[in-house]
Amino acid sequence: MRLGASPADDAFRAELASWLAAQLDGRFARLRQPDFNRNEFALLRAWERALGEAGYGCIAWPAALGGRDASLTQRVIFAEEWARAGLTPRPNHIGIELLGATLLAHGSDDQKARFLPPLAAGTEFWAQGFSEPNAGSDLSNIQTRARLDGDAWVLDGQKVWTSWAHNADWMFVLARTTPGSRGAKGLSFLLVPMRQPGVIIRPIRQMTGDEEFNEIFLDGARTDAANIVGAPGDGWAVAMATLTFERGVSTLGLQTRYRRELDQLIAAAKANGRARDPLLRHRLARAEIGLSVMRANCLRMLANIDRGTPGREGAVNKLYYGSWHQRFGELVMDVLGRAAEIAPGPDYAYQGLPKIFLQSRADTIYAGTNEIQRNIIAERWLGLPREPRG
Amino acid sequence: MRLGASPADDAFRAELASWLAAQLDGRFARLRQPDFNRNEFALLRAWERALGEAGYGCIAWPAALGGRDASLTQRVIFAEEWARAGLTPRPNHIGIELLGATLLAHGSDDQKARFLPPLAAGTEFWAQGFSEPNAGSDLSNIQTRARLDGDAWVLDGQKVWTSWAHNADWMFVLARTTPGSRGAKGLSFLLVPMRQPGVIIRPIRQMTGDEEFNEIFLDGARTDAANIVGAPGDGWAVAMATLTFERGVSTLGLQTRYRRELDQLIAAAKANGRARDPLLRHRLARAEIGLSVMRANCLRMLANIDRGTPGREGAVNKLYYGSWHQRFGELVMDVLGRAAEIAPGPDYAYQGLPKIFLQSRADTIYAGTNEIQRNIIAERWLGLPREPRG
Amino acid sequence: MDFAFTDEQQMLQDAARGFFARHAPPGAARARLTDAAGYDPATWRALVEMGWLGLDLPEAAGGLGLGLVEMAIILEQAGESLCPLPFLASAGLAARAVLATAEADRARQLLAPILSGEIIATLAGCGREGVALQLDATLRRDGGGFRLDGAAGFVPFGHVADMLFIAARDADDPSALCLLHLAPDAPGLTIDRPVQMDLLRPEAQLRFDAVAVPPAAVLGAGPGVAAALRRVIDRATILTTAEQVGGAQRCLDLSLDHARQRIAFGRPIGSFQAIKHRLADMAMQVETARSAAYYAACLAQEGDDRALAYAATMAKVHGSDAFSQCAGDTIQIHGGIGFTWEHDAHLLFKQAHSASRLFGSSDAACQRMADLMELA
Amino acid sequence: MDFAFTDEQQMLQDAARGFFARHAPPGAARARLTDAAGYDPATWRALVEMGWLGLDLPEAAGGLGLGLVEMAIILEQAGESLCPLPFLASAGLAARAVLATAEADRARQLLAPILSGEIIATLAGCGREGVALQLDATLRRDGGGFRLDGAAGFVPFGHVADMLFIAARDADDPSALCLLHLAPDAPGLTIDRPVQMDLLRPEAQLRFDAVAVPPAAVLGAGPGVAAALRRVIDRATILTTAEQVGGAQRCLDLSLDHARQRIAFGRPIGSFQAIKHRLADMAMQVETARSAAYYAACLAQEGDDRALAYAATMAKVHGSDAFSQCAGDTIQIHGGIGFTWEHDAHLLFKQAHSASRLFGSSDAACQRMADLMELA
């Protein structure tokens, strides 16, 4: 058990940090301006291509698929340096972390060869099509149907909470391929091109004022018959694996982002004098401790995943960080005071720390509400009996 | 809507306070010494008799049954002065508040005439026999059986969490009188004399070190056939009414007791200097606010009960005060520091403020756990659907 | 003692409930989000016609001689209906500030157009940070009159007020405050309404650049003004708690509806204890906050300054906790849909936040309670 | 970086688990409650024979040269087994204090009987309030030697220790501390073990009435001693977190068993979300606390004084929260039976409390963290 980095790791960190600094002082400086908006898709696509060209696209993957076989420590370093540079989350997170890991585990060789190199090169962006209006917490209640029509799947239905769909080239979709099936049976995991007439995107405005999510209407959308991961009807198992990957190494990036947010808040508290308020001091110290615990838990989770022995520490991770971040959002407002309520411009558009107060309400909902997380922990990891269905 | 008291109420308060002061400076001085132990039954019985003789036994009841038709305000005053005098909860609370109210509502005229005057006179003490080892939260799972044998009910079974059973003359018991019945059906509400060979009492030691509760083994215990409240098989409805009375005016006494505890803690915090600690100051202020809210809610609950329109405010009362008192117990330990961990004598026997830390763990369990309270609030008062049984 | 509504209070509550049901039915708040005024003038006129503006003012001052309980009844219904109106600004703050500081004749004269609804008035009682009586405006002698410099923050409905009452520090006596009034077009006065997180609580930021103030516009000065204004703020704080109770009740009702109707895993989500128990906790917050608000109103009405301070402090802290918890829970119970702009959950969440900050934070209120408890 | 046990650490954990399973099976703690010694000498001798007393001491000092992670592994299992032993007192506190303050030769000499288990040693590092290094004992020159006056509070296993190391203030230099040792029969030394809430954490209260201290018994003095002892306490704090993790784990396991077996409303109570979700939250606390404890052990082992202080502070606060919450939840999940003396739930609840107070409160630790964060 050891936290220190090897000289090779230190060298990797130095090389990466200097590359990032050069890019972010130059062509990609806008990426870390406070008012940078993630709707600026062209810049984000260019940035992912630049990462790919520099060999930083998907460092964990085998070299043959565009990666560089990075060790766990190097992946940790990548996540840390990314956040330390002031970057927002990886724009193609869904493609790289979720679809990438899913294909590595369950994809055919053809699918890996077709879809993974463009991810590493930063040329194809992905969206996730799991949730539906009546399949949120109860994801197995999916109604979207897909039927094989000659050499293509044809999809009809509605997806919701799809992030950044306008920027996506492809979407992986959970759809019902066995007519009349119910629950987790009869679902398949399909890869569907976004840019076709049968895919209609309607943005959803959030309480932050942003339009980050979308509703997707699938109206006869088509994809090649080969674009199914796993066998027809095995979609549930594939999708559950995908959701597990969601709580993988990317949470370390999250943790590092939170580190930056906390550092900003500490600086603000010192600047406005509230760091001397004993109650806020106490809460800032508790936030620091909570974040440190989160880091400890992430590192343990990753080490165990890396050894192939994932444990309860991974199962509880999202519950922990979601709750931490929500409390942090409240602390932000207490430290900044009423000034934080005033928008920086003429639109309802909050940035930086104050936005966290609003945005973090989603942290206990997305990717499985806290209630679902607790069910999963209790039933899958603690062996408690399931509840009767209605 | 008015909080102030009338001149008549003020006179009642003055008269009561002066009577209490005289008693508690004289013959009953021991009752408010810090090491007074509620196992000193003889003194408690004498005290209840003295209250009865002075006309303070059951002030809310009709004069014909030994009461004095006191108004709600006077009952509030009684509870306040009782606690202000430094007295522990009414030793015959179970008899006066629970059985008394139950008989007033559901008892026959004969039962009222037989059982109520001795309660008002302080000559008969009662215990409650509802809970069983396998019927705690799920009270309807009662297994104790009673069968009519000639002119008497004969009871067999086991009760648990019976307070102060050694001091009780009678116990009201929920028992299954319809053989083979299940759940809430087939239960009856019986009045059983305690001092008979068929009633065996075994004390239960609590985490505080005290032995306040008992297990009761009913082994052919007998009671007169007339000692049934309501019809055979109606016991569940009668018992549910009893449990409702538990959250009646007595909670105001509780609130006043908590007031005294908080005042003691404030005094201790000033004495040991921790009142200047900003975090403890803040928590003491929050405790004060919480207690004040509790008082507000109790008064509203009582006013609505008095008008015959009990509302949600009564349903939530126990949940609120149980949680408040448990947090208060934690605050006690933080204000008093490690000194509070040291017992005052050679035995494992805590008194005063430090004991609250231990004792208050029961506040979220007894008389319906917080979980059961939440179910009741949600299902009976908010109209939410029940859960499927197993 | 009788801690329940009188028949008259019950009738007033019924009237208020009916009023807001008619004028601010579910969904009406949407129109306010993009609205320069931030309130609906027709609803305001209707409320004026109800005669509620002078509910708690003495009859000698042109009011109805009722009390805080009656005012709280109105505010609770307004909060439940998410209906922003300059009622607290005009009747709860400005009118009381006049009454508390001006000579009787002058007060009657100033109050008349406020109570008749002819003008909307407000009180600028906070400094830049939005904390009551921590002022950033200073009044100093200037020739035969005065000049006002500095700023005031978070002035309720300051952007539409016809008359602004301003609390300011007295340059000649650093320990004293004074109250003066300005017309919105006074030279040197800048009134700005920035976009705020809670679009349903319009507040203005004022700047004073050498605003000339004639002696007649200065209502009160001297050592008593601070205490008088503190009483005004304390009463308004209790009324805000009533509004919070209404908001929390709306949260509970929305969440109950959703929990009964939304199906997951084959049954209404309200049958799952995770949701069901959260709703029970919300009900506990709503009911205890309601008890606290009316208890505080009674205490304040019947007691002395200390009782008022105690009541305001206790009500503020618990009302803020209750509404904030209920609003957060409402989003959580609704899941993704509760996070969208189209759903009312975020409006309530933001109302809960702004209400909890009105006149100062809950932490500051606890500090004040600690002082009242003499935790030296 | 590799934040997982090495094979050797895994073997040590297996050995520790086996050891405590044999020597402190469920129920064994009962005997300790009425026990004057407060620990089982046979178990202690067996632990000594395992060679664990010198796990983290340098080989030059007679130890095994391993680190805090290995010590934490032992403490976690001891905590899980509710097995009180003078391990932290002798090895975690006294031995480290010797190492940190005495000259190398003297240290070896003093350590030998401690490491061999020939004697039990402890450190009196707290004053009357039980806060580390806030001392109420003072050492002053007296003729050719010294005399010790005052008191020390909450000394772990002080009632059975054969050698007591005492931290005291230096009468000649108010800013400096010194460390000395006493035999339990030293004239003027009173050792009292009162009944404490947690009967499984025996602690003594010491009084010093003009205790004569020969110069040779004073190990260290001067400005470095306070910092050295702080490091000793910080390491012991991290080890206490490991013990808390074990206790919290035991809470979770007991509660899981109960929730699976206890039937109410026709099904195991663990199938109800109120119980199930509480258990999930307990698991979150247990696992994050375990991560925190070992992370802190690594940070402390690999880093400087600041890293040690940061690690100890963070571990203490989270470990205390986790164990306290889990222990309270354990009583709640068990209902009435969890409130009885016969059930282990209260033993864990009281352990959680005393562990959270060891060397100082969590609030004080947060204060220290705020200082480390330079929240000036």
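A note on names: the letters A, B, ... follow the listed sequences, proteins ahead of strands, and every chain is numbered from 1. Only heavy atoms go into these numbers, but all of them, side chains included; no hydrogens, no water, no symmetry mates.
Here the straight-line distance linking atom CG of L299(D) with atom CZ of R295(A) works out to 8.5 Å at 0.5 Å rounding.
Judged purely by distance below 3.5 Å, without hydrogens or angles, the side chains of E287(D) and Y320(A) never pair a donor atom with an acceptor atom. Counting only N and O atoms by type, the side chains of N370(A) and H277(D) include no donor and acceptor under 3.5 Å apart.
Partner of Q273(D) under the side-chain hydrogen bond (donor to acceptor under 3.5 Å, both in side chains) criterion, out of E371(A), E387(A), R374(A): E387(A) alone.
At distances below 3.5 Å, not a single donor-acceptor pair connects side-chain atoms of K276(D) with backbone N or O atoms of I377(A). Side-chain atoms of E302(D) come within 3.5 Å of backbone N or O of L3(A) as a donor-acceptor pair. A side-chain donor-acceptor contact under 3.5 Å links Q9(D) to the backbone of M1(A). Distance alone, capped at 3.5 Å, places no donor-acceptor pair between the R260(D) side chain and the L384(A) backbone. Here the side chain of S291(D) pairs no donor or acceptor atom with the backbone of R300(A) at under 3.5 angstrom.
Heavy atoms of other residues, nucleotides or ligands lying less than 6.0 angstrom from CE of M50(D) number more than 12. No more than 12 heavy atoms of other residues, nucleotides or ligands sit less than 6.0 Å from atom CZ of R386(A).
Under the 4.0 Å criterion applied to side-chain N and carboxylate O atoms, D321(D) and R286(A) are assigned as salt-bridge partners.
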- Item | Check against side-chain contact (heavy atoms from CB on, under 4.5 Å), R2(A) and Q301(D) | CA-CA 9 Å; R2(A) 182 175 53 80; Q301(D) 197 70 38; over 6 Å; no
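Interface remark: N375(A) contributes backbone and side-chain atoms alike to the contact with chain D (heavy atom separation under 4.5 Å).
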